[in-house]
Amino acid sequence: APQPPAAKTPAAPLSGLSGMKMAAVLSGPVNDAGWNANAYQALTEARDKYGLEIAYTEYVKVEDAAQVMRDYADAGFQIIMAHGNEYSDQISEVAREYPDLHFIQTNGSEAGIPNLYTVGFAIGEGGYLMGWLACKISQTGKVAFIIGEQYPAVQYQAQMVGQACADLGLQAKVLETYVGSWTDPTKTKELTKAALEQGVDVIILMADSGDSGAIEAVREAYAAGSTSLRIISWVKDKNHLAPEFVLGGWTEDVSREIDATLQLIAAGEPGGHFAFGLAEGVVYPNPMYGLVPAEVESEFNQLLQDYLQDPSIFPNLVVRRDL
Amino acid sequence: MLNDLLSIFASPEFYQAVLRMATPLLLAAMGGLVAERAGLVTFSMEGMMLMGAVGGVIGSHLTGSVWGGLLLAVIFGMLAGLTYAVMAVSIGAHQIVTCVALNMGAMGLTSVLFGLVFGGGSGAVVQDVIQVASLSPWKIPLLGEIPILGPIFFNHIPLVYLAFLTVPAVWFLLYRTTWGLKIRAVGEHPHAADALGISVVRVRYLTLLFAGAFAGLAGAFLSIGVLNTWQENMTSGRGFIAYTAIVFGKWQPLGVLLGALLFGLADALQLRVQTMNIAIPYQAMVAFPYVVTLLALILFSGKASWPAASGQAFKREGK
Amino acid sequence: MLNDLLSIFASPEFYQAVLRMATPLLLAAMGGLVAERAGLVTFSMEGMMLMGAVGGVIGSHLTGSVWGGLLLAVIFGMLAGLTYAVMAVSIGAHQIVTCVALNMGAMGLTSVLFGLVFGGGSGAVVQDVIQVASLSPWKIPLLGEIPILGPIFFNHIPLVYLAFLTVPAVWFLLYRTTWGLKIRAVGEHPHAADALGISVVRVRYLTLLFAGAFAGLAGAFLSIGVLNTWQENMTSGRGFIAYTAIVFGKWQPLGVLLGALLFGLADALQLRVQTMNIAIPYQAMVAFPYVVTLLALILFSGKASWPAASGQAFKREGK
Amino acid sequence: MPELLRLEKIQKTFPGVLANDNVDLTIQRGEIHALLGENGSGKTTLMNCVFGVYRPTRGQIYWKGQPMEIHQAHDAIALGMGMVHQHFMLIPQLTVAENVILGLKSPREPFLNLEAVARQIFETGQRFHLNVDPHAPVWSLPVGAQQRVEILKVLYRQAELLILDEPTAVLTPGEVEELFAVLKELARAGLSIIFITHKLEEVMAICDQVTVLRNGRVVASSPVDQTTPQDLARSMVGREVALNLQKPPAQPGEVVLSVQNLRALGSRGLPALNNISFEIRAGEILGIAGVDGNGQTELGDVIAGLRRAASGRVTIAGQDTLNRPPREILDLNFAYIPPDRQRTGLLMELPIAENLVAKTITRPPFSRRGFLQQAEINRFAAQAVSEYEIKTPQASLPVRLLSGGNQQKVVLAREVSRRPRLLIASQPTRGLDIGASEYVHRQMLAARAAGAAILLISTDLEEILSLSDRIAVLYEGQIMGILATADAPIHKIGEMMAGVFRQPGGQIAA
Ligand SMILES: Nc1ncnc2c1ncn2[C@@H]1O[C@H](COP(=O)(O)OP(=O)(O)OP(=O)(O)O)[C@@H](O)[C@H]1O
Ligand SMILES: Nc1ncnc2c1ncn2[C@@H]1O[C@H](COP(=O)(O)OP(=O)(O)OP(=O)(O)O)[C@@H](O)[C@H]1O
Ligand SMILES: [Mg+2]
Ligand SMILES: [Mg+2]
């Protein structure tokens, strides 16, 4: 199985971070088992790794964010993070007010403020590689991408899924389907059932807390004899939820995203917009747990190696760093 | 495209899905209907269902049995109903606002409860998806074997049967028992009922407990019926749809059944249209149930048919 | 810890934040109050605000001026009000359900509208964060210079002043003008009002347009007042809180002001307590506004004080 | 005759009001006991104390000689009392049988056994001439039948005391006759009846004993055969009352209201007005007689624009007004006293003052450019309150706090003070005491003298006969005939009301 590539170690010493205070502005609770939980995990990992002192505020409405960040700035925090695109204006404003402090925004796009690091994931690699895998292992020639809601980045990933299949000359049909909610496992289950009725046998699953519903639907069909069904999980490796058919899939690793950003800061790199991809080890494929034919797995690994050496081997894989 | 649509309507799985998706709506709506007929606005079913959903998972986890889960779901739902009753019946608070507060409160409370039980203590972050025992289908012996109809109607988890059985049961309760008569009297004219020695307060408490119990079952259907886990806010609006089904059905059991089926159908259809790659934008499909609601409001409005004392606090005068 | 808490109450920024956070609630609630007094349930304010929010951004973008944004916000809000009026007043649909449908509909519609304008076509997903012209604070010339009080009260964007000015204005409207008398008559007793030659339909349409306009401004406050962009579902429940403030305030302008301030205060305090790392569990702090609501419901309930015809469709009889 | 109920020194105060003061009252078995008094004299309050709706501030209630504490209506019912409230306590959406069984145990508890109830309703109905279809929903019944349901409810509960609060106020003469027969039958069977009324002739007709309240005190109590209507009226009002009106001859002017071939549907979608035609001239009163439910309410509402008509033609002072908005019709100087003052006549939650100016509020001096001129409103209200003798501490109180009679005076003051060209008065004295009724009648005659055309719709035949210049009889939505009052034999009107006689040669008779 492929191991996620190790993050590149930066040249500059990291000692500068030790003892610094870092605070985060979050839109929801840290136990949402998703978006904010990831941020929370990133914070605690950074604390353990660099000896940071950390703090966070949950349920911050956009219009209050500036004030919350100012409060942290005034309380002596040197690194202030806003988790989410919605805080763009607020963090830009406060970053200008406190030029000596460092500001991090996930999913941001602002590039012109020297102490503001807007960071995101490179979009496209995941869709392309997982699309390749899905179409390759599908026996029925039908693959479904089950998504919570329609966002630009997600749509682009879906586009890349289809692109990969087409590029490989695979005749698989890719269904792009939306639950209409990130928090509705019941409906996700029904959507999955409907997809299975259509003969779909591989599902790329990106429905957040709806994921459990899709897994449940496949579990039932699997128990009824459809043992060739596979789910490719997304955002995190969810193999442990159903080891018999859930592949590790694709990870977008917030902890590594933050870590990479902290390293930029420690290295004295000026702010700007950064999108981390496969090369930086921030997004990566997970193990397949023997759920795909061995030859497919080794072909995948080979392609991955080749791509890391020379991205031009996939001319139609256009990585976007602006979404 | 027309062929694709027709093929949806030709498949038994579609009708099975319709029944499945109508079930939580029907359970909640039948419970709510009884309280509505006693003059209570049951816009709170979303919160009550959520309580039932978390109760189901916790009960199933603690007792190791899905029946324990159902029991706790009913208890949690009834506790939510009780809270409503204390606020709206005893204290006389504004019903709609009480419902809103209850729904919001349930969202927070269920998270905390879940964290307490599965996170090993207060506020702890639950890192993993929890799995518990869940209901499996009961195939009805002979009926289940009938071709086509068998799988559609007679191979479901027990709560599905229960949901559909509540329709005649609630009808009987409302129109053929003295309890039902009292409920209707309290909903239409609480002062007249009071003058005849009917305890408006008791009737309203009891109907809210009933509504809570059924909303709890509806929630359990989601958490340990369809799934075997719990997710924050997993009812995602089904309580509101159930409420709408009551209005759609003009406060009559059969009408409510029709409403629940219609919403179930709209949803099942919507999902299938997506998987058939039929060229209808998904936003339009997601909006479909609401369009149906609006149409229903327009078509079936006319003379107000809701219980005359709906939403009104009852207080005896001049003591 | 007590010191920390005291330091919050000693900072002018805190009070500034309270006013800022109360503003959208107050704008929406004052508009809603007028329609409520005409016998309409304005549980729809969430959706109306959302329409205003997207209208503000679109208007600001298309005209390049924030005033254009405010204008379109008002127009969008009024369109939402008009939709409600058509459903509930002309067709006589159930008000609460109409509100629910409207809120859901607005969530979808605003997304689509935003996509249409900024995504260059139907259904397109907007690729970027859109930024448009937004309101900046107006420091009131002399008053703004007063030490402490100046920054707290007299250095806000114009909508903040407007919000607080609506309180006496709505009071005056309701109690000192013939329009207000008509509104109250329609809300208390539509049939009697009809017999007195007051057009129930017209009064209800007008109050809903009024409510829509103010909800629109409240939405614009969020999108082009505090921010200069739009986010899906960016009102996040403020419409419901505004509705609660009306109930809290017992349908009186001053009471509603108090309610809006209380919710603003609860929210501002909650955030500050978190950033000061004061050892109060976050659940408690987040739940604070709802606890306040529940307490308010308990303390201020008593005799039903809402307009007697609240929620009732009016239809003149005969054919 | 042994005593059934005895009240001893009952006192009931409300904040600022002494509603009952030191009231002693004894009810014997099998007697019909009249309770008389002006509006607001404390009759309803006293009965509410007996029935557990209110707790007396002081005093003692004895039931069959035993002192009793009655905490709620249910206790009173359990003892064997039954009350028919002036505003019926029936649930319109339920059937007769359901209303009757409501709150009682079913023979097959918890299952309803409506057939058994229906049988018993039928039997009781046979015995006391209280016929009503047990399976009809109550909303579908005429008022008289609803009242029979209320009485059936009481009888079904084996009551020994029946309290009737102004039972005849809503009944037609025929229904009153039926009711009286029933009451006599019940008294003969041993029931005691407390009968609240404002009509002296009713007291004289069926009661055994009469008690008069004034300002909450008992001012007279005696057997009926030892008193006269004049005595009773004097005790009630505290002064002499003219029981007969002096009406100068009419001086009809030009036609003000013309109704031609009017048709309209009623609330249940059935024809309520069927080809109605008549005219009224300035300075005359046309009385519409008829049994309640024959289209009276619909007629008033259609002319006022409150109900849409299907076809026909209505003109007021030459202007077409059919299906025009109420505002336009009002602007023709039209005044309307609706039959249901609480539903359509008054804004119950709003102050008396605002109600008094409600129809002229948009004009000076009560408002200028949309702004209310509160001082002017108050001045006018204070004047109206004293002129029309509206009993209230201040005009800023909500109308809902006034007694029925005083509420009606607010309506009357508002309508008559505008010096209308056309006045429709629908049941203008329903529920009013003699003093108040007399007052209303005098005001109507004054309006007539001032040149108003008046359409008087009333189910009280006495009222019609004493006020009208001409009388039209309405039966099943049709006018059976129009007669000049002077040559209208009562028996002929009665036959028309019952639909057995129709005036030949068309409807119009001048
Ligand atoms: N709940 C109450 N609160 C305050 N005052 C009251 C209340 N009920 C009755 N009253 C007062 O008590 C007095 C007696 O009223 P009551 O209704 O008993 O008169 P009534 O004789 O029944 O009049 P009517 O002939 O109009 O029916 C009135 O002056 C009224 O203002
Ligand atoms: N809350 C209250 N406060 C003060 N007085 C009240 C209150 N409620 C009722 N009353 C008084 O109670 C009396 C009886 O009211 P009720 O509604 O029974 O009218 P009524 O006399 O029966 O009139 P009607 O003859 O039209 O039915 C009135 O005189 C009114 O002043
Ligand atoms: Mg009375
Ligand atoms: Mg009375």
Side-chain angles (χ1 to χ4, degrees), chain B residues 33-34 36-40 168-204 206-207 210 249-253 255 302-310 312-319, chain D residues 12-15 17 19 44-45 48-49 51-57 71-79 81-85 87-95 97-114 117 137-139 150 153-154 156-157 267-269:
Chain B
L33 173 60
V34 172
E36 284 273 339
R37 291 300 291 260
L40 297 152
V170 164
W171 180 87
F172 193 87
L173 170 74
L174 285 177
Y175 297 106
R176 287 291 177 270
T177 70
T178 53
W179 305 322
L181 184 60
K182 286 181 189 173
I183 291 169
R184 287 182 289 142
V186 165
E188 296 289 351
H189 202 332
H191 286 280
D194 180 57
L196 293 171
I198 296 170
S199 167
V200 176
V201 170
R202 202 173 64 201
V203 168
R204 289 193 167 174
L206 287 175
T207 58
F210 184 90
K250 297 202 138 192
W251 287 265
Q252 302 293 335
K303 191 136 181 66
S305 50
W306 49 89
S310 184
Q312 285 170 26
F314 168 78
K315 273 240 155 89
R316 216 178 269 155
E317 292 198 65
K319 272 283 137 95
Chain D
K12 177 67 188 174
T13 55
F14 295 108
V17 183
T44 302
T45 304
N48 282 335
C49 286
F51 209 64
V53 177
Y54 295 149
R55 297 289 297 280
T57 322
H71 295 277
Q72 48 176 340
H74 192 49
D75 299 343
I77 294 171
L79 285 176
M81 301 185 201
M83 181 150 165
V84 178
H85 296 266
H87 302 122
F88 297 153
M89 287 292 218
L90 293 171
I91 298 172
Q93 293 78 4
L94 304 186
T95 66
E98 285 175 330
N99 266 286
V100 168
I101 186 82
L102 184 60
L104 298 179
K105 285 248 177 296
S106 158
R108 285 195 282 140
E109 186 72 15
F111 304 113
L112 277 178
N113 189 354
L114 290 176
V117 180
V138 160
W139 61 259
E150 282 281 26
K153 242 168 80 180
V154 174
Y156 195 91
R157 285 163 172 73
S267 303
R268 284 165 231 155

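Small disclaimer: the values here were computed from a predicted structure and weren't measured. Below, chains carry the letters A, B, ... as their sequence lines are ordered, and counting in each starts from 1.
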- Gap separating the CG atom of Asn48(D) from the CZ atom of Arg55(D), nearest 0.5 angstrom: 14.0 Å

- Message: Could you check whether any side-chain heavy atom of Leu174(B) comes within less than 4.5 Å of a side-chain heavy atom of Ile183(B), counting everything from C-beta outward?
- Response: yes

- Item | Which portion of Glu98(D) sits near chain B, non-hydrogen atoms under 4.5 angstrom | both

- Considering only heavy atoms from C-beta outward, does the side chain of Tyr156(D) approach that of Leu104(D) to under 4.5 Å? yes

- chain D contact via Tyr175(B) - which portion, at a heavy-atom distance below 4.5 Å: backbone

- Query: Which atom pair, heavy atoms only, marks the closest approach of Met83(D) to Val154(D)?
  - Reply: N-CG2, 4.1 Å

- Arg108(D) versus chain B, the contacting section by heavy-atom distance below 4.5 Å: neither

- How many angstroms lie between CG in Leu196(B) and NE2 in His189(B), if you round to the nearest 0.5 Å? 10.0 Å

- Measure Leu114(D) against the heavy atoms of chain B and call it side chain, backbone, both or neither at under 4.5 Å. neither

- Name the region of Leu102(D), side chain, backbone, both or neither, that has any atom closer than 4.5 Å to a heavy atom of chain B. both

